[in-house]
Every structure is written in structure tokens, then in C-alpha cells.
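Accompanying notes for the structure given below.
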Amino acid sequence: MGYEEVKFESGRQLTIDRLLRQKLDNIKMIIKKNWDAIIVIDGMERSGKSTLGFACADYMADGNLTLNNVAVDGDDAMKKCESLPNGSVLMVDEGSLVFSSKDSMTKEQKKLLKIINVIGQKNMVFIIVLPSFFELTKAIAVHRSLFLLHVYTDKKLNRGRFTYFGQKGKKVLYDYGKKHFGSYAYPRANWIGKFKDYDIFGEEYKELKRKSLFSALHAGEEGQPLESNVSKTIGIERVRMYKRLKELGWTQARIAEVMGVSVQIVGKYSRNAKKETPIAAI
């Protein structure tokens, strides 16, 4: 347990969890032997999963990560995957999936499978960042990825925590979570780690992500109102976030403001939370 300080030749400095660094070093070793590697990072919105993704991606890129190594959706990832040289790092931040219809998510999964085929041919490191591990197909989540980093917050919504599930653990987790409303309660994670803020792109990436989310919001099924489309795909992570904020005494109006949705949508989160079975703490 604990942190290690890494200073790159590019001038960047990264504070990284010691055990996580060991896992990433193992990946560097297998990439040199002409293998590829897929890492999955998930967590509720604004929990810091993109931050952890940047830290992992930049470490794998030896401190030379650029926005050309980061994709905001499947289409962007496909273009960059083909243009990047062999052995490169590609991170796709699929935060927009939380707004997608079921049909759109199916299309995104197909794109990811195509990307993974190219990743394998080019011996690349592929980091998938998304709201929920359980939204991935089993082929990606269980069979192709090396491990899962599940990002979460404490009860006061403080960021900087994650749990690590290796290949055996995430297989059991996937099967269990699919049957228990996306619960991460079983099995126990292999270990728990921490991470610190690592903002290497600042407003440039935030603007890129805002455009991606805006496009996703308006990419609903033809003829359907936006909120109707969103309400069909309310994920367990948003319900969990709603429950945590309610436990802190937040009003529905304040929750709606923070989540960027209407009070009516928050009301739907509330009804989903009442239907949901209790989720054990991590």
C-alpha cells in the first residue's frame, strides 16, 4: 500500500498507487512481447474515473500522453486506433453511454469489439472508461480485459478511491452484479487503492468532453423526447449517486442541479431507488 512518485522526461510528475504501478509495469512487459492489453475503469459520474484513466494512460505512455491518445466515443476511438503507431496507448472515455438508448449502446459495443481486434493486431494498450462495468458485453468485460478498476467515493462524496478486480474476481463480479442490480459487493476486491488528481489537459479536454456529451444527449431515437430516452437507461450508478446525496440531506432540486437533469428525472431516480434491493458497501 502507499504512493510512489514518478518523474517523466517530459517534465510531468505523477503520484501513483504502488500496487497499481506494479500492474501497469507488468503490462509494459507483455506489450514488449507482442501482446495487447485492455483495462476497464468504471464508476459513477464525477467520481474521478477519467482522472484515474489519465494517470494510467500517461504512465503507460511514459509521460507523453496527448489528446490524440484519448477518444470520447466509439467513432473517435476507431479513427485514432487506426492512425496510432503499434504499441501505443488509447483511452476511450465512454461517459456518454449513460445517456444512450439501448440501441445506441449496442452499436457502441460493436464498435468497441472492432477496435479491440485492431488493438490486438497493433499490440496496443486500450483503456475503457465508462459508468458501469456491467454495461459491457461479457466478451469484453470478462474475456478480453486484464482487470477492472472500480472508482468510488466515500459517504461524503470525497474522490480518490478505487478497488482492483483481477481476471478471476471480475468474472465472478460480472455474473453476480448482473443478477443483483449492478452490485459490487461480491466477491471482495483483490485490493483497495487510492489516486490523486492528475489534470494534464485542463479545459481543452473538458471542452472536448462537453461536445461529446451534448452530441449524446441529442442522439436519442428518432421521434422520442430527450427525457423519455434518458429515463429508459437510468443506470445503477446514477441511482446510487442519488441515494448518497439524499443520505447527506440534499433536496431533489439541488441533486437535479448537480446532475444536470430536471427535477422530474430525479423523481424517477427516487422511484428506482425504492425498487432496488439494498447494495452492500464496498
Problem set entry | Residue pairs fulfilling ring pair (Phe, Tyr, Trp, His ring centres under 6.0 Å) with at least one residue in residues 57-84, sequence neighbours excluded | none

Same apolar cluster (I L V M F W Y, side chains within < 4.5 Å links), [X]/[Y]:
{"X": "V6", "Y": "L52", "answer": "yes"}
{"X": "M78", "Y": "L112", "answer": "yes"}
{"X": "V118", "Y": "I30", "answer": "no"}
{"X": "M60", "Y": "W35", "answer": "yes"}
{"X": "V172", "Y": "Y174", "answer": "no"}

From [atom1] ([X]) to [atom2] ([Y]), nearest 0.5 Å:
{"X": "I127", "Y": "S50", "atom1": "CD1", "atom2": "OG", "value": "11.5 Å"}
{"X": "N64", "Y": "F8", "atom1": "CG", "atom2": "CZ", "value": "8.5 Å"}
{"X": "N26", "Y": "I31", "atom1": "CG", "atom2": "CD1", "value": "11.5 Å"}
{"X": "I38", "Y": "L148", "atom1": "CD1", "atom2": "CG", "value": "13.5 Å"}

Are [X] and [Y] side-chain neighbours, meaning at least one heavy-atom pair lies under 4.5 Å?
{"X": "T163", "Y": "R188", "value": "no"}
{"X": "K170", "Y": "V40", "value": "no"}
{"X": "I115", "Y": "M124", "value": "no"}
{"X": "I140", "Y": "S145", "value": "no"}
{"X": "R159", "Y": "T153", "value": "yes"}

If you count the non-hydrogen atoms of other residues, nucleotides and ligands that lie under 6.0 Å from [atom1] in [X], is the total more than 12?
{"X": "K114", "atom1": "NZ", "answer": "no"}
{"X": "K111", "atom1": "NZ", "answer": "yes"}
{"X": "K122", "atom1": "NZ", "answer": "yes"}

Exercise. If you measure from the Lys or Arg side-chain nitrogens to the Asp or Glu carboxylate oxygens, is any gap between D75 and K79 under 4.0 Å?
Worked result: no

Taking all heavy atoms of [X] and all of [Y], pick out the closest pair and write down the distance.
{"X": "L20", "Y": "C56", "result": "CD2-SG, 3.9 Å"}
{"X": "L136", "Y": "A141", "result": "CB-CB, 3.9 Å"}
{"X": "A253", "Y": "V263", "result": "CA-CG2, 4.2 Å"}
{"X": "V151", "Y": "S47", "result": "CG1-O, 3.4 Å"}
{"X": "V70", "Y": "K80", "result": "O-NZ, 2.5 Å"}
{"X": "K28", "Y": "D62", "result": "NZ-OD1, 2.8 Å"}

For this session: With F133 as reference, evaluate I41, L149, D42 under the side chain to side chain contact (heavy atoms under 4.5 Å, CB included) test and give the passing residue.
Result: D42

For this session: Apply side chain to side chain contact (heavy atoms under 4.5 Å, CB included) to I39 and L24, showing your working.
Result: CA-CA 10 Å; I39 301 169; L24 296 178; 3.9 Å; yes

Exercise. Side-chain donor-acceptor pair under 3.5 Å between D93 and Y205, yes or no?
Worked result: yes

Between [X] and [Y], is there a donor-acceptor pair closer than 3.5 Å when you use the side chain of the first and the backbone of the second?
{"X": "K49", "Y": "V129", "result": "no"}
{"X": "K7", "Y": "Q13", "result": "no"}
{"X": "N86", "Y": "N123", "result": "no"}
{"X": "N69", "Y": "V89", "result": "yes"}
{"X": "D76", "Y": "V72", "result": "yes"}
{"X": "R21", "Y": "Y3", "result": "no"}

Between [X] and [Y], what is the ring plane arrangement, given parallel below 30°, perpendicular above 60°, and tilted in between?
{"X": "F134", "Y": "Y184", "value": "tilted"}
{"X": "Y152", "Y": "H150", "value": "parallel"}
{"X": "F201", "Y": "F54", "value": "perpendicular"}

Exercise. So W191 and F162, ring pair (Phe, Tyr, Trp, His ring centres under 6.0 Å) or not? Walk me through it.
Worked result: CA-CA 9 Å; W191 45 271; F162 70 89; 5.7 Å; yes

Problem set entry | side chain to side chain contact (heavy atoms under 4.5 Å, CB included) between L19 and N190, worked out | CA-CA 11 Å; L19 287 178; N190 295 86; over 6 Å; no

For this session: Show your working on side chain to side chain contact (heavy atoms under 4.5 Å, CB included) between D17 and K23 and close with a plain yes or no.
Result: CA-CA 10 Å; D17 184 276; K23 297 298 181 182; over 6 Å; no

Exercise. Should Y186 and H180 be marked as a side chain to side chain contact (heavy atoms under 4.5 Å, CB included) after you check the CA-CA gap, both sets of side-chain angles, and the distance that decides it?
Worked result: CA-CA 10 Å; Y186 181 82; H180 294 84; over 6 Å; no

Problem set entry | Set of residues satisfying side-chain contact (heavy atoms from CB on, under 4.5 Å) with respect to T51, sequence neighbours excluded | F195, D197, Y198

